[in-house]
Amino acid sequence: MLFQINPSFTKKNQLKIVLSKNILNNNLKLCFSLVYSIQSIDGAKITKQIGRYYELKIKKHTILIKLQVPKIGSYNKSCGPEGAFLINKKNENEKLYVNELLFEKIIKKPKYPDLKIEKNFVPIIPEPLKYIIKKDLSDITNKYFKLINGEDIFNNTKKLISNLNISFTKSKGFPIYFLEKDLAYDEYSLKILKHKILIFYKSYGGKFYAIMTLIQIIYYYKNRIPLCEIYDKPKYTWRGMHLDCARQFYSIKEIEKLLDYMALFKMNRFHWHLTDNEAWRIEIKNYPELTDIGGYRGYNMKIPPFYGSGFNQYGGFYKKQDVKKLIKYAKKYNIEIMPEIDLPAHSWTLLQIMPELRDKNSNIISEDIGSYKNNTIDPSLEKTKKFLKNLLEEICEIFTFDTIHVGLDERPKNSWKGSPSINEFMKKNKINSQEEFQDYYMNYLIDIIKSKNKRTAAWNEAAVSPHIDHAVGGSAGNIDRSCLIFAWENSDVARDVTNKNFETILCPGEKTYFDMAHNNSTEERGLSWASTIEVKDIFNWIPEEQLNNKNLIKGIQAQLWSETITKKEYFDEMINPRLATLSEIAWKGRSMRSWNSYRNCLFNVTNMLKKFGWTHHLF
């Protein structure tokens with residue numbers, strides 16, 4: 001028997017689900033996940049809720065749901081029921097067809113203006129610091145290039161250039177000479193002459209980035225490239241991209257595709273978000289159950305089907321050999337991989353597997369912004385301390401990069417208040433507030449990671465009070481200043497963090513969160529709690545505006561959180577071409593060209609990216 005549901009948003013902004021009559025007649029249970037929490041419901045009763053996964057006992061053919069209201073006041077295609085399925089009396093899955101999500105009040109996509117063609121735009125992203133492009137041309141008809149003193153580049157760029165029909169060889173072709181010179185890290189100069197190309201470098205990064213510039217030139221000019229002189233170096237040492245692999249699982253091959261993209265635009269840090277409320281994705285030798293259980297979810301499993309994964313088992317995890325493979329792959333592109341283990345909150349899945357990490361005598365039910373209850377571990381317990389030490393020491397051994405991210409975002413403000421163990425520990429150690437206790441916890445982690453000769457990184461709540469009002473705990477201001485802080489909540493938070501003398505990565509939600517919708521159209525996908533972000537908004541961003549201690553800004557990073565990536569086909573348009581555009585800001589600090597000139601370049605680049613399998617959003 002075929003069952004159907006018809007979801008839509010009414011003119012009053014209610015989520016309406018109309019069920020085929022045979023659903024009610026057969027006494028079936030409707031299950032699905034949402035990206036916004038349910039505030040009230042009519043026509044059904046919630047029988048189970050974990051986070052934003054719901055199971056409903058159906059009472060009427062039409063269910064009306066009031067959700068959290070987005071910042072923009074309207075919903076889009078990401079906001080309907082995802083991964084919906086029906087369960088019968090025997091606890092079996094029934095076949096369900098979910099019709100397209102409709103809107104009674106349609107908000108159309110904006111019309112992007114026609115491109116004003118410029119003949120002399122510079123076809124390189126990010127734009128080099130200095131350049132002279134001449135009218136004289138050099139003939140490279142067969143696109144063969146002989147690399148001299150470039151064995152490492154020859155080996156490490158084969159895959160990238162194969163997509164563009166460019167061939168690097170050791171024996172024939174237009175000569176490219178790599179010449180060592182006293183330059184800074186990642187700095188390079190490039191000279192295209194009539195019969196040869198000269199690349200001056202000091203570090204491998206300089207060598208590699210010169211080639212990334214060159215292949216964009218070759219792609220645009222085809223067989224006759226202009227003689228030119230380019231001198232280039234980055235403003236920031238950290239030019240990052242974050243990917244949430246907890247809410248959705250991405251294969252190593254899918255992550256490699258993202259690293260290819262990053263390499264083309266000189267991004268050099270991959271922030272790998274490996275744990276959260278919904279999953280545990282990294283293999284840990286001492287705790288195999290973390291991935292055996294926490295790597296998968298589905299109906300009637302320990303971890304339910306969050307964010308659209310549906311009835312059947314879904315997920316995966318990364319074995320140590322997977323991590324080693326990806327680290328090796330990234331290093332070819334001058335990219336370092338920083339892991340994130342998101343603690344002490346965002347730990348719902350961890351606590352289903354290891355409930356002993358929370359005080360069982362706690363008399364408080366805390367709830368985070370994602371509607372997860374009691375998702376915070378208890379650092380006063382000896383079992384928790386042992387776990388943290390074992391975990392972080394192993395993470396430090398697995399990952400070669402010198403920085404480990406420990407999360408510390410969105411801890412519910414009352415998460416530790418009901419614990420007798422924590423209250424006793426605070427009294428014994430003269431700790432007077434939850435904020436001071438958080439600082440104690442954070443310094444404990446920093447000491448573990450320092451003992452392995454690595455640095456700790458965390459989200460901004462580790463260093464300052466929260467800047468977004470959603471009942472979140474913060475810092476008393478007493479953590480080790482060696483901690484690298486990721487300023488995410490909004491653009492103001494970086495000022496407070498740097499004023500406290502922390503080195504800072506700028507990643508404000510309203511400019512760098514690529515899970516945000518591009519605009520308020522009902523046809524778009526994505527969230528909007530921070531903003532909506534068009535490509536032009538990123539291009540116009542001046543990140544260090546109104547900051548005092550600019551010397552403490554070490555870089556810029558984009559984020560893709562994966563709650564709305566319920567199908568992998570949505571991935572490309574959320575990233576591309578927003579990440580290419582952010583690379584210009586991360587390399588230069590701000591773009592110095594006109595929007596039209598940059599847009600010409602971006603059209604060229606998005607065509608190039610099609611050869612790497614990337615689709616893109618309009619801009």
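If you read the sequence from its start, that first residue is 1, and numbering goes on from there.
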Pair H518-E573, side chain to side chain donor-acceptor pair (under 3.5 Å): steps then yes or no: CA-CA 10 Å; H518 286 74; E573 289 196 7; over 6 Å; no
TODO: Go through Y188 and I230 one step at a time and tell me if the side chain to side chain contact (heavy atoms under 4.5 Å, CB included) criterion holds.
DONE: CA-CA 8 Å; Y188 70 91; I230 294 172; 4.2 Å; yes
Before you tell me yes or no, could you show the steps for Y513 and L527 under side chain to side chain contact (heavy atoms under 4.5 Å, CB included), namely the whole-Å CA-CA distance, both residues' side-chain angles and the distance that decides it to 0.1 Å?
CA-CA 9 Å; Y513 270 41; L527 304 175; over 6 Å; no
Quick one: do Y318 and F249 satisfy ring pair (Phe, Tyr, Trp, His ring centres under 6.0 Å)? Show the steps, please.
CA-CA 10 Å; Y318 305 105; F249 178 73; 5.0 Å; yes
Please lay out, stage by stage, how D276 and R247 fare under the test salt bridge (charged side-chain N to carboxylate O under 4.0 Å, His left out). CA-CA 7 Å; D276 216 296; R247 275 56 177 263; 3.4 Å; yes
Give the intermediate values and the outcome of side chain to side chain contact (heavy atoms under 4.5 Å, CB included) for residues I217 and T213. CA-CA 6 Å; I217 292 171; T213 294; 4.1 Å; yes
(message) Run the side chain to side chain donor-acceptor pair (under 3.5 Å) test on N519 and E534 for me, step by step, so that the C-alpha distance in whole Å, both residues' side-chain angles and the decisive distance to 0.1 Å come before the verdict.
(response) CA-CA 7 Å; N519 51 68; E534 291 280 12; 3.0 Å; yes
- Full working for side chain to side chain donor-acceptor pair (under 3.5 Å) between D139 and T141: CA-CA 6 Å; D139 193 345; T141 305; 2.5 Å; yes
Before giving the answer on side chain to side chain contact (heavy atoms under 4.5 Å, CB included), spell out for I369 and V472 the whole-Å C-alpha distance, their side-chain angles and the decisive distance to 0.1 Å.
CA-CA 8 Å; I369 189 66; V472 167; 5.8 Å; no
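Remark: K568 qualifies as a cation-pi partner of Y250 under the 6.0 Å distance and 45° angle criteria applied to the six-membered ring. Under the 6.0 Å distance and 45° angle rule, K332 counts as a cation-pi partner of Y329. Cation-pi geometry between K331 and Y333 is not met at under 6.0 angstrom from the ring centre and within 45 degrees of the axis.
Looking at K207, K266, R239 one by one, the single match for salt bridge (charged side-chain N to carboxylate O under 4.0 Å, His left out) with D186 turns out to be R239.
Here OH of Y307 is found 10.0 Å from OG1 of T564. Values are rounded to the nearest 0.5 Å. From R224, atom CZ reaches atom CG of D136 across 9.5 Å, with rounding to the nearest 0.5 Å. Atom-to-atom distance recorded for I161:CD1 and I218:CD1 is 8.5 Å, nearest 0.5 angstrom. Of the inter-residue distances, the one linking N501 atom CG with I485 atom CD1 reads 12.0 Å to the nearest 0.5 angstrom. Taking CD of E523 as the start and CG of N76 as the end, the distance is 10.5 Å to the nearest 0.5 Å. The line from CZ of F178 to CD of E151 is 11.0 Å long, rounded to the nearest 0.5 Å.
Salt-bridge annotation for R281 and D322: absent, with no side-chain N of the basic residue lying under 4.0 Å from a carboxylate O of the acidic one. For R590 and E584, the salt-bridge test fails: no basic side-chain N is under 4.0 Å from an acidic carboxylate O. For E503 and K554, the salt-bridge test passes: some basic side-chain N is under 4.0 Å from an acidic carboxylate O. Look at D260 and K159 and you find a salt bridge, because one of the NZ, NE, NH1 or NH2 atoms lies within 4.0 Å of a carboxylate O, short of that distance.
Listed for the N549 side chain is a donor-acceptor partner under 3.5 Å among the backbone atoms of T498. E254 places a side-chain N or O within donor-acceptor distance of the main-chain N or O of S251, the cut-off being under 3.5 Å. Using a distance-only test at 3.5 Å, with no hydrogens or angles considered, a donor-acceptor pair links the side chain of R578 to the main chain of I533. Looking at E489, its side chain does come within 3.5 Å of a backbone N or O of I468 through a donor-acceptor pair. A donor-acceptor contact shorter than 3.5 Å links the side chain of E461 to the backbone of E410. A donor-acceptor pair under 3.5 Å is absent between the side-chain atoms of N460 and the main chain of A494, judged by distance alone. Judged purely by atom type and a 3.5 angstrom limit, N163 has no side-chain atom pairing as donor or acceptor with the backbone of F612. Judged purely by atom type and a 3.5 angstrom limit, S138 uses its side chain to pair as donor or acceptor with the backbone of K194.
Residues Y221 and I192 form no side-chain contact, since every pair of their non-hydrogen atoms from C-beta on lies 4.5 Å or further apart. Contact of the L579 side chain with the L258 side chain is registered, since non-hydrogen atoms from C-beta on lie closer than 4.5 Å. Side chains of L214 and I176 form a contact here, defined as non-hydrogen atoms less than 4.5 Å apart. Side chains of T169 and K146 form a contact here, defined as non-hydrogen atoms less than 4.5 Å apart. When side chains are defined from C-beta on, H467 counts as touching D496, because their heavy atoms get closer than 4.5 Å. With contacts defined as side-chain heavy-atom distances shorter than 4.5 Å, the pair Y75/V69 qualifies. For the pair V605 and F265, the minimum side-chain heavy-atom distance is below 4.5 Å. Under the 4.5 Å side-chain criterion, counting only non-hydrogen atoms from C-beta, K511 is not in contact with L506.
Counting all heavy atoms, side chain and backbone alike, A463 lies closest to K500 at O-CD, 3.8 Å. In terms of heavy-atom proximity, G589 sits nearest to P543 at O-CD, 2.8 Å. Minimum interatomic distance between A263 and L160 (heavy atoms only, all atoms of both residues): CB-CD1, 4.2 Å. The two residues L190 and I199 come nearest to each other via the heavy atoms CD1-CG1, 3.6 Å. Pairing each heavy atom of V35 with each of C79, the nearest pair is CG2-CA, 4.0 Å. In terms of heavy-atom proximity, S33 sits nearest to G308 at OG-N, 2.6 Å.
In the model, H271 has no side-chain atom that pairs as donor or acceptor with a side-chain atom of Q559 under 3.5 Å. Side-chain polar atoms of Y570 and R525 form a donor-acceptor pair below 3.5 angstrom. Residues Y261 and N576 bring a donor and an acceptor atom of their side chains to less than 3.5 Å of each other. Checked by atom type, the side-chain pair E187/Y209 shows no donor-acceptor distance below 3.5 Å. With 3.5 Å as the limit, one finds no donor-acceptor pair spanning the side chains of S591 and E127. Side chains of W587 and D232: a donor on one and an acceptor on the other come within 3.5 Å.
Annotation: Y598 is not in aromatic contact with F619 [ring centroid separation under 6.0 Å not met]. Taking the six-membered ring where the residue is Trp, the centroids of W459 and H273 are separated by 6.0 Å or more. Taking the six-membered ring wherever Trp is involved, the centroid distance between the rings of W238 and F486 falls below 6.0 Å. Between F103 and F9, the ring centre distance stays below 6.0 Å. Note: F401 and W272 fail the aromatic proximity criterion, with ring centroids not under 6.0 Å apart.
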